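Chain A is the first sequence line, chain B the second, and so forth, proteins listed ahead of strands; every chain is numbered from 1. Keep in mind that this is a model prediction, so the values were computed, not measured.
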Number of protein chains: 2
Amino acid sequence: MKATIRDVAKLAGVSVATVSRVMNQKGYVNSETEQKVNKAMKQLKFEPNQMARGLAGKRTKTIALILPDISNPFFPGLARGVEDIAQYNGYTVILCNSDDMGVKERSYIEVLKKKYIDGIIFATNNLVREDLERMEEAQIPFVMLDRAPNMESGCVIKVDNFGGAKAAVEHMLDVGCKKIAHVYGPQELTTAKDRLAGYEEVAKQQPWYTPTLMIPGNFTIDGGVKAVEALLGKHPDVDGIFAGNDLMAVGVLKGLKHRGISVPGQVAVCGFDGVNLTEITEPELSTIAQPIYQIGELAANKLIERINLSSTHYETVELGVSLIVRESTQKS
Amino acid sequence: MKATIRDVAKLAGVSVATVSRVMNQKGYVNSETEQKVNKAMKQLKFEPNQMARGLAGKRTKTIALILPDISNPFFPGLARGVEDIAQYNGYTVILCNSDDMGVKERSYIEVLKKKYIDGIIFATNNLVREDLERMEEAQIPFVMLDRAPNMESGCVIKVDNFGGAKAAVEHMLDVGCKKIAHVYGPQELTTAKDRLAGYEEVAKQQPWYTPTLMIPGNFTIDGGVKAVEALLGKHPDVDGIFAGNDLMAVGVLKGLKHRGISVPGQVAVCGFDGVNLTEITEPELSTIAQPIYQIGELAANKLIERINLSSTHYETVELGVSLIVRESTQKS
DNA sequence: AACTTATGTGTAACCGGTTACCAAAAAGAA
DNA sequence: TTCTTTTTGGTAACCGGTTACACATAAGTT
């Protein structure tokens, strides 16, 4: 039925080793022989069995992307970046949703190990040091997104959350806000923590600064809605809200709308992430955009680089973010 | 390093065949022997190498999901449904973005074949009959989404696009619309075609019906925006627009906003699909919701069923859609 | 001419499972 | 007691590649 390397060898009148050498461009092969082999491969429509290759050579040309939830609007773009680069380099990507649960992540790692995956990209935050160490032992290259760099190996890709948050608050001051609140995400996440820190850095310099202007929002739309309630109770006079991510910013918009407060007229709103949905809200949301797609690309590129070089040295890359000004902060 | 089946056999004092039998619960094994083997497996932390299993047994416990673009808001939910079911059944899913290009899809199929994937879910529409036939020959089970059923094998999952479109138009008539336009998607897609047909079915009965009320919109936000321009030129008096999908509905909303036309006051708008972003527009969008997540689940379940039964008979399942009424059609 | 070194190709073991086939012991039937 | 039939378990081939090692020639050095 399907041609094997031995069929090709027989047809070309050479040994399997030679065929293998031709396929993989490895070792010495006389160019005439090579022609013969190539012709035989064409003729038999030979397709090397990846399974067999994997077994013998320990390479599967498959990587995995573990993320919390592909339904979260932040991740499709990232996944797309990863997939495009993977595809370009002949890799295939396995998608894993962990719902941000450590157990699920660990169980995925086990499965992936058994499948001899070549490497893993973690867009999650629940693995403890120990888990990562086990990855190293198992010699599985990996890259992490938005992690605190407390390892001696592995690659971490992050964006300038601190700087981005500062830029957001400064921008809001620029457009004339006199009292800016911050709705922050889960503090176990470095991203959320850094953004909060960025807010505080700038806010602390302001006369209106007070800790109760910082409200938890859980990184969800609903969290944003609730945060507005909580906030307006204590500070009916806020005129700017910086949300720790776009989802919460959308929630904030909803909450304000519900209260009959106009945006940006009475309150300016700024998000963080730059997901597509910031363009379809009314008003459109100003936001600190992360280069989401590029992060995916970079992660995949770094991973593939590590796979090829079987290098494991610690490395961290920080990408910049950019302020995108839209209607939600046009106070003038 | 890693324990193999032979290590286990040696430790348990049995043969590899017995170990394999225990692992796979196949053939006769004395329960005492089984205990011994299980103990040995525990002790050595034996993890069967999936690669080897695949090579020998032709099963990889991996399925693929080929879709146009995971960044399109319709697909993350679908992918999530697929992944959840796959995961539950011990399968792993490979994600492939085809950008709706036949070439890419075909090239993916080739790659996936080489990787001995167990089955494929197509959420795309560019494969010709010939391609599908080749899949059958290769004995790869597959299920398709929203395809015209012109095959004698394969599983097709679809939703009631025709009925949904009718329901949308009827709903708009109910709320008092006197002239309803339709922005339709690419007619190569059965989904778009069926929705257009559904619109026509109801609209034709109305005194205001005229073909120029049907405008192409390309299934994109921008297409929706442009469609509004085109439409308002010819029919400044429309008071209802039914968009063939939510993305275009969002575009329509944007276009109307730009023209200073109020929704739903002057014009009611209804979308189709039920993607999340319909909840964050202003006003929130009424839409015909597809059970997106469930479609993914069903597709995965059907595929796995086919893999297990190696059945190939033609089958088509149609799911219902539901009208979700939100602000954009509350004319009263 | 004698000795290296580079080039070209084949043999066979190996990766780690699955399974067809065979043999022996235990249980049941005649 | 003897002859099936059912259990139980081992041997070894096989899946389809990769690659260490051996061997033969050609080319380059002294």
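Proximity of A:Thr18 to the phosphate of C:dG10: a side-chain N or O atom is located under 4.0 Å from OP1 or OP2. The side chain of A:Asn49 contributes no N or O atom lying less than 4.0 Å from OP1 or OP2 of D:dC15. For the pair A:Lys26 and D:dT18, the criterion of a side-chain N or O lying under 4.0 Å from OP1 or OP2 is not met. The phosphate of C:dT7 has OP1 or OP2 within less than 4.0 Å of a side-chain N or O from A:Tyr28. Using a 4.0 Å cut-off, some side-chain N or O of A:Ser20 falls inside it from OP1 or OP2 of D:dT18.
Summary of the strand contacts: A:Leu55 and A:Ser31 both lie near DNA chain C, and taking for each the nucleotide with the nearest heavy atom, the more 5' one is attributed to A:Ser31. Along DNA chain D, the nucleotide nearest B:Asn30 and the nucleotide nearest A:Thr4 are compared for position; the residue whose nucleotide lies closer to the 5' end is B:Asn30.
Protein atom NZ of B:Lys115 is 18 Å distant from nucleotide atom P of D:dG16, rounded to whole Å. Following rounding to the nearest Å, A:Gln25 (CD) and D:dT19 (C1') show an atom-to-atom distance of 17 Å. Summarising the geometry, the separation between CE on A:Met51 and P on C:dC14 is reported as 23 Å, rounded to the nearest angstrom. C:dG16 atom P lies 14 Å from atom CD of B:Glu47, rounded to whole Å. Atom CG of B:Asn24 and atom P of C:dA20 are 13 Å apart (whole Å). Atom pair A:Glu34:CD and C:dG8:C1' shows a separation of 12 Å (rounding to whole Å applied). Distance A:Gln50 CD to C:dC15 P: 20 Å, rounded to the nearest Å. In this entry the distance linking CD of B:Glu32 with C1' of C:dA25 reads 15 Å, nearest Å.
A:Lys113 NZ to A:Arg134 CZ: the interatomic distance, rounded to the nearest 0.5 Å, is 6.0 Å.
The side chain of B:Ala17 sits closest to C:dA20 out of C:dA20, C:dG10, C:dG16. Distance from the side chain of B:Thr33 is smallest to D:dG9 among D:dG16, D:dG9, C:dG10. Comparing atom distances between the A:Ser15 side chain and each of C:dT18, D:dT19, C:dT11 picks out C:dT11 as nearest. The listed nucleotides are C:dG17, C:dT18, D:dT19; the one nearest the side chain of B:Val16 is C:dT18.
Side-chain atoms of A:Arg21 and base atoms of C:dG8 include no donor and acceptor less than 3.5 Å apart. Side-chain atoms of B:Arg53 stay outside donor-acceptor range of the base of C:dG16, with no qualifying N/O pair under 3.5 Å.
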B:Thr62 and B:Lys115: CA distance, side-chain angles, deciding distance, side chain to side chain donor-acceptor pair (under 3.5 Å) verdict: CA-CA 9 Å; B:Thr62 304; B:Lys115 294 211 175 184; over 6 Å; no

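Checking A:Ile5, A:Val37, A:Asn38, A:Leu11 one by one against A:Phe46, the side-chain contact (heavy atoms from CB on, under 4.5 Å) holds for a single residue, A:Ile5.
Note on B:Asp99 versus A:Arg80: salt bridge recorded, some NZ/NE/NH1/NH2 to OD/OE distance being below 4.0 Å. A salt bridge is defined here as a Lys NZ or Arg NE, NH1 or NH2 lying under 4.0 Å from an Asp or Glu carboxylate O, and B:Arg21 with B:Glu34 fails to meet this definition.
Legend: residues meeting side-chain hydrogen bond (donor to acceptor under 3.5 Å, both in side chains) with A:Asp146, ordered by chain and number and at least two apart, are absent.
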